[in-house]
Amino acid sequence: MLQVQFIREHKDEVLEGLKKRNISNAEEMIERVLSTDEVRRKSQVELDNVSAESNKLSKEIGLLFKSGEVRKATLVREKTSQLKEQKETLSKQKITAEKTLQQLLFQIPNIPHQSVPYGQSDEDNEEIFRCGTNPTLDESALPHWELAKKYNLISFELGTKITGAGFPVYTGKGAKLQRALINYFLDKNTTAGYEEVQVPHLVNEASGIGTGSLPDKERQMYHIEGDDLYLIPTAEVPVTNIFRGNLLKEKDLPLALTSYTPCFRREAGSYGAHVRGLNRLHQFDKVEIVRIEHPNRSYEALEEMIEHVKKILLELKLPFRILRLCGGDVTFASALTYDFEIFSAAQKRWLEVSSVSNFETFQSNRLKLRFKNGSGKSQLAHTLNGSALALPRIVAGILENYQTTKGIVIPEVLIPYTGFELIS
RNA sequence: GGAGAGGUGGCAGAGUGGUAAUGCAGCAGCCUGCUAAGCUGUCAUCCUUUUGGAUGCCCGGGUUCGAAUCCCGGUCUCUCCGCCA
């Protein structure tokens with residue numbers, strides 16, 4: 001959430017940012033924010049004045065009673081009833097304005113970083129890096145869902161039976177490969193300085209709001225009605241919320257955490273051929289990295305995260321590219337996002353396996369996540385996160401790209417984790 | 001699930017109707033010949049921004065001229081009992 005003060009003082013910058021996101025009614029939105037803010041401030045001033053007056057009288061009454069001047073005290077007391085009424089109306093006015101403002105602010109996305117390119121959709125994303133050669137498979141090459149069936153690695157049917165579409169069951173070496181990847185990712189992340197944490201997979205409303213998953217994207221999260229909890233769509237939500245409401249010391253920064261969790265997404269309305277197999281699921285596993293940074297070096301941190309994810313994909317020897325998301329594609333809360341896509345050779349398409357973002361103060365403002373800076377003032381920290389990495393599409397990529405006539409070859413770095421070299 | 005106790009600033013910790021003590025840490029300044037001590041201010045948020053004012057004691061209501069303090073509802077934590085992986 002942007003700070004009103006920021007919008008007030010950087011109106012043009014905000015408008016430019018919203019334009020980059022192709023928000024057509026940006027001017028109208030901002031005008032409404034500013035006018036509501038004005039109402040809010042005005043009613044606050046009025047309320048403050050009336051309250052000051054009534055406080056003064058209250059004090060007087062107290063003193064009069066103390067000195068035994070009961071009659072005088074009663075007289076003054078009569079005066080206060082009018083003020084009380086005024087106070088009530090003004091306070092209602094103020095609260096209404098505050099609530100309206102809050103709702104308006106909830107609807108305004110983060111301002112994209114200056115390096116974010118203009119664009120409408122994912123087609124306008126800017127490729128900034130490409131690595132590895134796409135393997136050329138022969139005619140008999142199979143997509144991963146066929147391979148999964150052939151080698152008994154994943155059963156989509158079983159998942160459908162137990163739960164529904166999009167909830168696969170991993171079996172035998174498929175399950176083992178999955179676990180190997182999780183351990184491998186966690187090891188890479190902890191070696192790079194991220195502290196491993198295990199967090200709840202259900203979160204409350206406040207946590208959802210804190211990271212920006214609520215209130216706008218309720219449709220993406222599964223909601224547990226009876227207890228009013230949400231299944232996490234990503235570890236980002238519980239992990240970042242560890243620090244909700246914290247006032248950190250400057251020397252505590254940066255904080256770096258990693259966590260493995262399953263992720264639950266409703267993905268309402270997305271069906272069809274390109275969501276086959278592991279391409280898009282309602283439940284999947286992911287290892288996430290999260291950082292809390294000093295604003296001065298959050299973009300440096302973002303670069304470090306990019307390099308880190310890059311290194312992992314290079315080790316796995318999967319062909320990949322990095323995209324800088326354009327204004328039309330960058331997510332609501334993010335200022336700058338880089339997507340990593342691997343090339344899935346049998347499907348002949350790119351699959352997103354990681355998304356690394358800097359949210360600047362957008363989340364920390366909601367979270368009230370601050371630190372005491374050098375001059376003793378509290379200041380909002382920057383939050384960042386990224387996948388390192390999402391499992392299913394990595395599995396898809398390995399199955400497809402590493403398929404041979406003998407079977408599926410396990411990438412070398414994973415062999416210590418799987419305990420086998422070949423799936424046949 | 002039942003019973004009891006409790007939730008106060010970054011932290012510690014007073015305050016049981018008269019408007020948030022005190023200590024530690026932090027920040028700024030002053031002073032002082034020794035990595036220290038002392039003094040002053042600052043030290044939650046918002047508005048005005050110059051003096052100032054308002055709000056804020058887990059959340060939401062209520063009583064009162066006035067609520068951290070009293071009443072009602074909720075929530076979380078701790079202790080005990082019960083149940084249990």
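Reminder, nothing fancy here: chain letters follow the sequence lines and each chain counts from 1. Keep in mind that this is a model prediction, so the values were computed, not measured.
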Could you go over nucleotides 37-48 of chain B and give all protein N or O partners under 3.5 Å, atom names and distances?
residue	atom	partner	partner atom	Å
B:U45	OP1	A:S378	OG	3.2
B:C46	O3'	A:R40	NH2	3.1
B:C46	O2'	A:Q44	OE1	2.7
B:C46	O2'	A:Q44	NE2	3.4
B:C46	O2	A:Q44	NE2	3.2
B:C47	OP1	A:R8	NH2	3.3
B:C47	OP1	A:R40	NH2	3.3
B:U48	OP1	A:R41	NH1	3.4

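Between A:R244 and A:S207, the side chains place a donor N or O and an acceptor N or O closer than 3.5 Å (distance only, hydrogens not considered).
In this structure B:C27 sits in a base pair with B:G41, meeting the Watson-Crick or G-U test at under 3.5 Å. Pairing for B:A21 is absent, with no Watson-Crick or G-U wobble pair whose two atom distances lie under 3.5 Å.
Side chains of A:I292 and A:F371 form no contact here, defined as non-hydrogen atoms less than 4.5 Å apart.
Between A:E46 atom CD and B:U55 atom P the separation is 15 Å, expressed in whole Å. Taking atom CD of residue A:E250 and atom P of nucleotide B:G26, one finds them 14 Å apart after rounding to whole Å. Rounded to whole angstrom, the span from the CG atom of A:L47 across to the P atom of B:G56 amounts to 10 Å.
A cation-pi arrangement is present between A:K173 and A:F420 under the rule of less than 6.0 angstrom and at most 45 degrees off the ring axis.
A salt bridge links A:E293 and A:R297; the closest N-O separation between the charged side-chain nitrogens and carboxylate oxygens is under 4.0 Å. Using a 4.0 Å cut-off between a side-chain N of Lys or Arg and a carboxylate O of Asp or Glu, A:E315 and A:K188 qualify as a salt bridge.
Here A:F129 pairs with A:F320 under the ring pair (Phe, Tyr, Trp, His ring centres under 6.0 Å) rule; sequence neighbours left out.
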Letter per nucleotide, 5' to 3', of nucleotides 63-77 of chain B [B base touched, S only sugar-phosphate touched, - untouched; heavy atoms, 4.0 Å]: --BS-----------
